[in-house]
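To start, the structure under review is shown below, and the notes come after it.
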Amino acid sequence: MQRVHIIFTGGTIAMRTNAEGLLVPASSGEALLQAIPQLKKIADISTEQLCNVASAHLTAEIWLQTRRAIMAACADEGVAGVVLVQGTDTLEETVFFLDASLSPENTRGKPIVLTGAMRNADEANADGPDNLHNAILLAVSAHSLEKPVMACMFGRIHAARAVQKHHTTRTDAFVSTHHTPIGQVTDAGEVVFFEPRNTASHQTPTLRIADELNQLPKVDIIPIYVGANEDALNSSVAAGAQAIVVQALGAGNLNPSVFAAIEQALQKDIPIIIATRCWEGNAEPHYGYIGGGQTLEKIGACFAHDLPAHKARIYAQLLLAQLDKDSKKRPHIQQGFAQLVAHP
Ligand code: DAS
């Protein structure tokens with residue numbers, strides 16, 4: 001039987017209601033597995049508990065540690081695939097971080113499957129056991145994918161670039177924005193990939209970073225809305241942001257006050273990346289009025305394309321992590337984001 005290595009970091013899947021009525025992290029990964037003995041019929045399982053926290057408490061340091069743990073597991077010839085269990089609130093960020101930062105050599109082509117649960121471990125109809133079951137099945141069967149990092153929730157397999165949590169509580173909370181899921185695990189336990197599964201539309205260029213990194217550069221997100229002013233952006237610059245993602249309106253538009261602040265930040269070599277608050281569609285240079293995408297492009301801002309602000313932020317962090325202290329940031333960020341278009 002093949003072996004799957006499961007890395008636990010916490011989330012609702014491991015939460016229980018305590019004596020004070022508070023839903024908090026409680027069960028270890030091992031305890032969760034003991035309650036689902038049928039999993040042992042699918043694969044041999046080894047486990048590792050990196051932490052047991054709500055996913056709102058995850059940090060870049062934990063991500064980098066998780067990345068190293070995945071590389072170590074993949075280097076073990078006895079391991080067929082890796083499952084990473086975490087809270088669903090930030091699952092799409094972790095899966096994107098791993099997908100963008102792990103090269104095919106790092107994973108040796110082995111599947112890396114992220115999963116969690118929408119219902120806590122002590123609910124009668126908890127979805128954690130099913131999700132774990134599906135993730136393990138996927139980890140032993142999804143070999144030879146070009147980009148083997150994916151999310152599996154509610155039987156649906158999502159590409160890292162596309163996956164988003166779009167409902168706060170439902171068990172089918174996850175969707176693939178712009179796309180359909182790349183596959184599914186059927187009720188009969190069959191793993192089915194929809195073709196074409198390896199097309200560029202699901203992929204993110206790999207950004208190689210040093211394995212020993214313990215932190216990622218500071219990149220902030222500034223939301224735009226009617227009446228937004230320059231204060232948040234200026235505070236972010238003053239607090240030492242190395243780049244700023246602006247979650248703009250529509251195709252990538254904002255008002256003259258924020259535009260002026262962006263111009264000043266760009267003059268200080270602080271890259272500005274324009275994302276959109278729209279659910280679907282690309283951020284791109286569309287309008288020529290002050291603060292419209294065309295004028296932002298003219299002054300040197302770049303565009304996040306299909307990446308939502310929280311994924312564009314991670315992509316910018318990884319790009320910045322590739323630079324030495326004295327390198328110019330703007331050209332590198334611009335080139336990096338331009339590559340996303342080649343992988344639309
Ligand atoms: N509490 C949330 C988290 O840890 C939700 C979850 O796990 O589903 O992300």
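For ligands, and for the atoms within them, numbers begin at 1 and follow the listed sequence.
- The shortest heavy-atom distance from Met15 to ligand 1 is under 4.0 Å.
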Exercise. Taking it one step at a time, do Gln86 and Thr9 satisfy side chain to side chain donor-acceptor pair (under 3.5 Å)?
Worked result: CA-CA 5 Å; Gln86 76 150 77; Thr9 64; 5.0 Å; no

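- You'll find the ring centres of Phe174 and Phe154 outside the 6.0 Å limit.
- For ligand 1, the polar-atom distance check finds an N/O of Thr88 within less than 3.5 Å of one of the ligand's N/O atoms.
- Listed by atom number, the atoms of ligand 1 under 4.0 Å from Ala54 heavy atoms are 4 (O).
- The aromatic rings of Phe97 and Trp63 sit parallel to each other, their planes meeting at less than 30°, with 60° as the upper class boundary.
- Ranking the protein heavy atoms by distance from atom 2 (C) of ligand 1 puts Asp89 OD2, 3.3 Å first.
- The shortest distance between side-chain heavy atoms of Ile7 and Val82 falls below 4.5 Å.
- Across the listed options Ser55, Gly11, Ala117, Ser55 owns the non-hydrogen atom lying nearest to atom 9 (O) of ligand 1.
- The shortest N or O to N or O distance between Thr12 and ligand 1 is below 3.5 Å.
- A side-chain donor from one of Gln322 and His332 sits under 3.5 Å from a side-chain acceptor of the other.
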